[in-house]
Amino acid sequence: TRLDSVSSHEPETTTVSQTEVTSVAQDSGDDEEEDELTLTGRQMRKALLLAVAYSANIGGTGVVTGTSPNLILLENLSEFGETGLTFASWMAYNIPGMLICVAIAWGWLQVMFMGWRKGAIQNPTLEQRQAVRKILKAKKAKLGGITFHESVVLTLFFCLVLLWLFRSPEFVPGWSHWFVLAFGEIEVEDATPVMLIIVLIFIIPKELNFWCFRDPKDTSPVRANEGCLTWKVVQEKVPWGVVLLLGGGFAIAEASDASGLSSWLGEQLTALESLPTALTVFLVCIMTAMVTEVASNTATASILMPVLKEMSLGIGVNPIYLMLPATICCSYAFMLPVATPPNAIIFTAAKMKTVEMMKAGILMNLICVVVQNIMINTLGQALFKVHEFPDWANTTTDNS
């Protein structure tokens with residue numbers, strides 16, 4: 001689930017994983033199964049499904065495209081030019097913290113729902129092992145072999161990741177540097193390779209039955225093949241609501257800048273200058289984690305990022321030092337079903353009470369915030385020099 005949410009949007013990842021977990025946990029599919037579940041079985045179901053939700057929320061922080069707040073952060077930092085925060089440096093910073101938080105989530109769910117004493121998790125019987133093995137084999141057989149269509153999509157996906165990683169890796173000149181040398185001062189952003197891959201995925205046919213690849217024994221009339229992606233699929237399957245939500249977030253951020261609201265709020269928060277900077281970052285992270293429990297993480301990031309940007313410039317702090325951990329904490333919403341789509345999906349599937357989700361989630365919130373603060377002051381300093389006010393931010397301040 002964690003790896004899937006790195007490359008996919010959290011709700012889709014959660015829905016697929018929840019279906020698989022529920023299928024294994026309730027293999028007979030009868031209503032009587034619920035009545036026959038032991039207390040240990042019900043606790044195990046809650047632990048497994050919450051693990052899916054937590055992994056989806058945490059896993060989305062691993063890469064820039066994992067969740068909407070990450071994109072909102074980059075959009076707000078784009079006015080500074082080259083900040084050192086690229087696709088590759090984002091992964092270098094966030095994946096270690098993501099792995100730590102996932103490991104902590106596993107340990108906490110084990111203690112919360114299964115206990116810490118020896119024997120808390122019962123060894124499955126031979127019949128139970130065979131039932132689970134049978135379900136997994138049936139699901140694998142249902143998938144079938146990998147098709148040419150799937151191979152093309154997988155290959156293009158890996159090409160996209162490589163293009164993202166090496167666009168501007170910082171330690172060596174990226175391929176975007178050669179574009180600038182060849183064509184002059186042109187803007188090459190992360191969206192550029194995305195558009196290339198989209199064009200290719202529309203053009204490449206989904207079936208390998210043309211030219212020399214066509215079976216000589218096939219006498220059927222030659223027909224045009226559809227591309228690996230068609231507009232009909234895009235129209236029906238793309239979550240346009242998420243696209244509009246993200247666009248609305250950018251509009252809110254731009255409106256905050258244009259109206260002067262973010263500047264005004266940033267000036268009011270300069271009173272925090274008297275506090276140690278590390279404590280200020282911790283307070284910002286706690287506040288963000290609490291707000292995102294009752295508000296969309298996209299809306300939270302859209303409102304906070306312009307404010308934190310102005311605040312950091314006002315108190316002379318590296319903008320990344322405040323904005324990056326706050327962005328990550330937008331995804332740390334584990335307490336309430338309404339906090340994130342993964343929480344809402346799992347809350348219904350696990351048949352648990354709100355108070356149970358709150359008990360499990362409040363400590364996860366605090367632990368993940370602490371982990372993020374440790375990461376920004378250690379790994380963040382090594383990668384981005386967050387304890388120093390950068391020249392790129394100083395130039396923007398002078399221009400203002």
Side-chain angles (χ1 to χ4, degrees), residues 1-6 8-27 33-34 37-62 66-67 69 97-117 120-122 124 128 132 135-136 288-290 292-297 328-372:
T1 301
R2 170 181 56 77
L3 293 176
D4 197 14
S5 63
V6 164
S8 306
H9 200 62
E10 303 103 313
E12 289 81 358
T13 299
T14 307
T15 302
V16 173
S17 300
Q18 171 259 313
T19 304
E20 294 171 353
V21 171
T22 305
S23 298
V24 175
Q26 297 179 340
D27 55 330
E33 177 101 8
E34 177 67 23
L37 278 177
T38 63
L39 175 61
T40 301
R42 287 192 290 270
Q43 293 293 91
M44 174 64 80
R45 180 177 62 189
K46 292 174 184 177
L48 288 175
L49 291 175
L50 277 178
V52 172
Y54 289 1
S55 298
N57 289 332
I58 296 170
T61 65
T67 188
M98 179 189 74
L99 295 174
I100 292 171
C101 288
V102 167
I104 291 173
W106 167 77
W108 170 237
L109 289 173
Q110 162 67 26
V111 172
M112 179 73 185
F113 291 100
M114 304 306 298
W116 55 273
R117 298 184 303 276
I121 299 180
Q122 299 177 358
Q128 290 172 329
V132 172
I135 293 171
L136 294 178
T288 304
M290 292 300 103
T292 197
E293 290 291 347
V294 293
S296 161
N297 57 5
I328 302 305
C329 288
C330 285
S331 298
Y332 292 160
F334 309 110
M335 290 173 55
L336 297 175
V338 298
T340 63
N343 290 12
I345 295 168
I346 294 305
F347 178 75
T348 303
K351 299 179 182 178
M352 63 192 308
K353 299 177 182 177
T354 304
V355 67
E356 291 178 305
M357 181 171 276
M358 291 182 66
K359 285 180 180 178
I362 188 168
L363 187 62
M364 272 303 300
N365 269 32
L366 293 174
I367 290 174
C368 288
V369 166
V370 170
V371 169
Q372 184 56 218

J.: Distance check, rounded to the nearest 0.5 Å: L50 atom CG versus F347 atom CZ?
T.: 10.5 Å
J.: What are the two closest heavy atoms between T67 and S331, and how far apart are they?
T.: CG2-OG, 3.6 Å
J.: For residues 353-371, dump all side-chain donor-acceptor pairs below 3.5 Å to protein atoms at least two apart in sequence or in another chain.
T.:
| from | atom 1 | to | atom 2 | distance (Å) |
| --- | --- | --- | --- | --- |
| E356 | OE1 | K46 | NZ | 3.2 |
| E356 | OE1 | K353 | N | 2.9 |
| E356 | OE2 | K46 | NZ | 2.7 |
| N365 | OD1 | F334 | N | 3.3 |
| N365 | ND2 | E293 | OE2 | 2.7 |

J.: What is the minimum heavy-atom distance between I346 and A53, and which atoms define it?
T.: CG1-CB, 3.6 Å
J.: Under the side-chain contact (heavy atoms from CB on, under 4.5 Å) test, which residues partner T292, sequence neighbours left out?
T.: N297, T300, A333
J.: Quick one: pull up CZ in F113 and CG in L48 and give me the separation to the nearest 0.5 Å.
T.: 10.5 Å
J.: About how many Å separate CD of Q110 and CE of M44, when rounded to the nearest 0.5 Å?
T.: 7.5 Å
J.: With distance as the sole test, does T61 use its side chain to make a donor-acceptor pair with the main-chain N or O of I58 at under 3.5 Å?
T.: yes
